Amino acid sequence: MRAIVCLALVVALNAHAQRIEFIPWLAEHALTLDQQSSLPDGTPITVTQFRFYAGRFLFYRGGKVISRNDAYHLIDAADPTSFVVDLDAKAAAVGDSITFMMGVDSLTNVSGAFGDDLDPTKGMYWTWNSGYINLKLEGSSPASPYPSHEFELHLGGYSPPYATAQRVALYVTGSGPWPVHVDIASLLAAADIRTNCNVMSSGEKAVALSRIAATIFSYHAGIEH
């Protein structure tokens, strides 16, 4: 009898579980890797890789934290199953706001190797003294000044004054699920693929672009994609 009650409770909680769904977006469409598209100014572009870390989720109602998810999730445009972050039943009542880290915080960086999405073999880790790559965006465009016409943005670094992880805040409505656009075009516009659109280490440019990257997330209620 007790087992039946416990099973019923698990089913009930799962039925009320909610989620955030990150949707990589390029110009006016959901991103398709390896497919030529255009930026809003008409510049041809092909994105071959887009990945970032999201974690340390806090869920608010009336300014009070009602639930949290401390795990880090690797959102990878090559794997649509990675777009969804499942929340617990308490978060289903958020109806207010959500914050999360874009990138991996400094404490996690210095706490040693991790498994799951933080496994260094995932290709999002530099070295012990440089830490995780918070966001990786790669592709090509005829506008790129390099002979290969490629661009590479690897934004990372956790040591001051070049710490790059950013906290993102979003106002949301209803009880979820909550679709969140990730506007890649805005980041590329700031990086300017016509000049020096290659960032492969920590530093001032990585910090500046990371701050911009924190602004490319927006909540869109009831969108189709």
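Owing to the predicted nature of the structure, the values given are computational and were not obtained by experimental measurement. Just the heavy atoms: all of them, side chains too, but no hydrogens, waters or symmetry mates, feed the values below.
- Counting heavy atoms from C-beta on, the side chains of Thr32 and Leu26 never come closer than 4.5 Å.
- Linking ILVMFWY side-chain heavy atoms closer than 4.5 Å, directly or via other members, places Val84 and Val180 in two distinct hydrophobic clusters.
- Looking at Thr164, its side chain never comes within 3.5 Å of a backbone N or O of Ala206 through a donor-acceptor pair.
- Nearest heavy-atom pair across Ser82 and Leu74 is CB-O, 3.4 Å.
- To the nearest 0.5 Å, atom NZ of residue Lys136 and atom CE of residue Met200 are 7.5 Å apart.
- Within the model, atoms NE2 of His73 and CD1 of Ile20 stand 8.5 Å from one another, a figure rounded to the nearest 0.5 Å.
- Rounded to the nearest 0.5 angstrom, Glu152 CD and Gln49 CD are separated by 9.0 Å.
- Here the side chains of Tyr132 and Leu118 are in contact, with some heavy-atom distance below 4.5 Å.
- Ring centers of Phe100 and Phe217: under 6.0 Å apart, within the cut-off.
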Item to complete: For Ile75 and Phe83, run side chain to side chain contact (heavy atoms under 4.5 Å, CB included): C-alpha distance rounded to whole Å, both residues' side-chain angles, the deciding distance at 0.1 Å, then the answer.
Response: CA-CA 6 Å; Ile75 313 301; Phe83 296 176; 4.0 Å; yes
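- Of all heavy-atom pairs between Ser111 and Phe114, the closest is CB-CZ, 3.6 Å.
- Residues Phe151 and Leu31 fall within the same hydrophobic cluster, defined by Ile, Leu, Val, Met, Phe, Trp and Tyr side chains chained together at heavy-atom separations under 4.5 Å.
- Clustering ILVMFWY residues whenever any of their side-chain heavy atoms sit less than 4.5 angstrom apart, transitively, puts Val182 in the very cluster that holds Phe57.
- The nearest pair of heavy atoms linking Ser218 to His220 is OG-NE2, 2.9 Å.
- A donor-acceptor contact under 3.5 angstrom links the side chains of Asp105 and Thr108, judged on distance only.
- Between the side chain of Asn109 and the main chain of Tyr158, no donor-acceptor pair closer than 3.5 Å is present.
- Applying the 6.0 Å contact sphere to CZ of Arg167 captures more than 12 heavy atoms from other residues, nucleotides or ligands.
- Of all non-hydrogen atoms in Ile23 and Ala30, the two that sit nearest each other are CG2-CB, 4.3 Å.
- Side-chain contact between Ser130 and Tyr125: absent, with no pair of heavy atoms (C-beta onward) separated by less than 4.5 Å.
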Test Thr48 against Leu33 for side chain to side chain contact (heavy atoms under 4.5 Å, CB included), laying out the working first.
CA-CA 5 Å; Thr48 57; Leu33 293 178; 5.8 Å; no
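- Follow the hydrophobic side-chain contacts under 4.5 Å out from Val104 and you never reach Tyr162; the two are in separate clusters.
- Between Val47 and Phe50 the shortest heavy-atom distance is CG1-CB, 4.4 Å.
- Under the 3.5 Å distance criterion, the side-chain polar atoms of Arg68 are left unmatched by any main-chain donor or acceptor of Leu58.
- The shortest side-chain heavy-atom distance between Ser186 and Thr215 does not fall under the 4.5 Å cut-off.
- Between the side chain of Ser97 and the main chain of Tyr60, no donor-acceptor pair closer than 3.5 Å is present.
- Within the 3.5 Å criterion, the main-chain N or O of Ser144 finds a donor-acceptor partner in the side chain of His149.
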| message | Working note: Gln35 + Thr46, criterion side chain to side chain contact (heavy atoms under 4.5 Å, CB included); need CA distance, chi angles, decisive distance, verdict. | response | CA-CA 6 Å; Gln35 178 176 299; Thr46 300; 5.9 Å; no
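- Using a cut-off of 4.0 Å between Lys/Arg side-chain N and Asp/Glu carboxylate O, Asp86 and Arg19 are scored as not salt-bridged.
- To the nearest 0.5 Å, atoms CG (Asn198) and CD (Glu138) are separated by 9.0 Å.
- In the hydrophobic clustering of this structure, Leu155 groups with Ile212; members are Ile, Leu, Val, Met, Phe, Trp, Tyr whose side-chain heavy atoms approach within less than 4.5 Å, directly or through other members.
- Looking at Thr195, its side chain does come within 3.5 Å of a backbone N or O of Asp192 through a donor-acceptor pair.
- The shortest side-chain heavy-atom distance between Arg51 and Met124 falls under the 4.5 Å cut-off.
- In this structure, the side chains of Gln36 and Ile45 stay at 4.5 Å or more apart for every pair of heavy atoms.
- Taking both residues in full, the closest heavy atoms of Leu153 and Cys197 are given as CD2-O, 3.7 Å, listed atom of the first, atom of the second, then distance.
- With values rounded to the nearest 0.5 angstrom, Leu209 atom CG is found 13.0 Å from His154 atom NE2.
- Judged by distance alone, with hydrogens and angles left aside, the side-chain atoms of Asp96 form a donor-acceptor pair with the main-chain N or O of Gly62 at under 3.5 Å.
- For the pair Asp117/Tyr72, no side-chain contact is recorded, criterion being any heavy-atom separation below 4.5 Å from C-beta on.
- For the residue pair Thr173 / Tyr219, a side-chain donor-acceptor distance below 3.5 Å is found, with atom types taken as modelled.
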Does the pair Leu137 and Ile184 meet the rule for a side chain to side chain contact (heavy atoms under 4.5 Å, CB included), with working shown? CA-CA 9 Å; Leu137 175 58; Ile184 298 169; 3.8 Å; yes
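- Looking at residues two or more places apart in sequence or on another chain, you find no salt bridge (charged side-chain N to carboxylate O under 4.0 Å, His left out) involving Asp116.
- Here the straight-line distance linking atom CG of Asp76 with atom OH of Tyr53 works out to 10.0 Å at 0.5 Å rounding.
- Side-chain atoms of Thr43 and Arg194 include a donor-acceptor pair closer than 3.5 Å.
- Using a 4.5 Å heavy-atom cutoff, the side chains of Ile98 and Trp178 are in contact.
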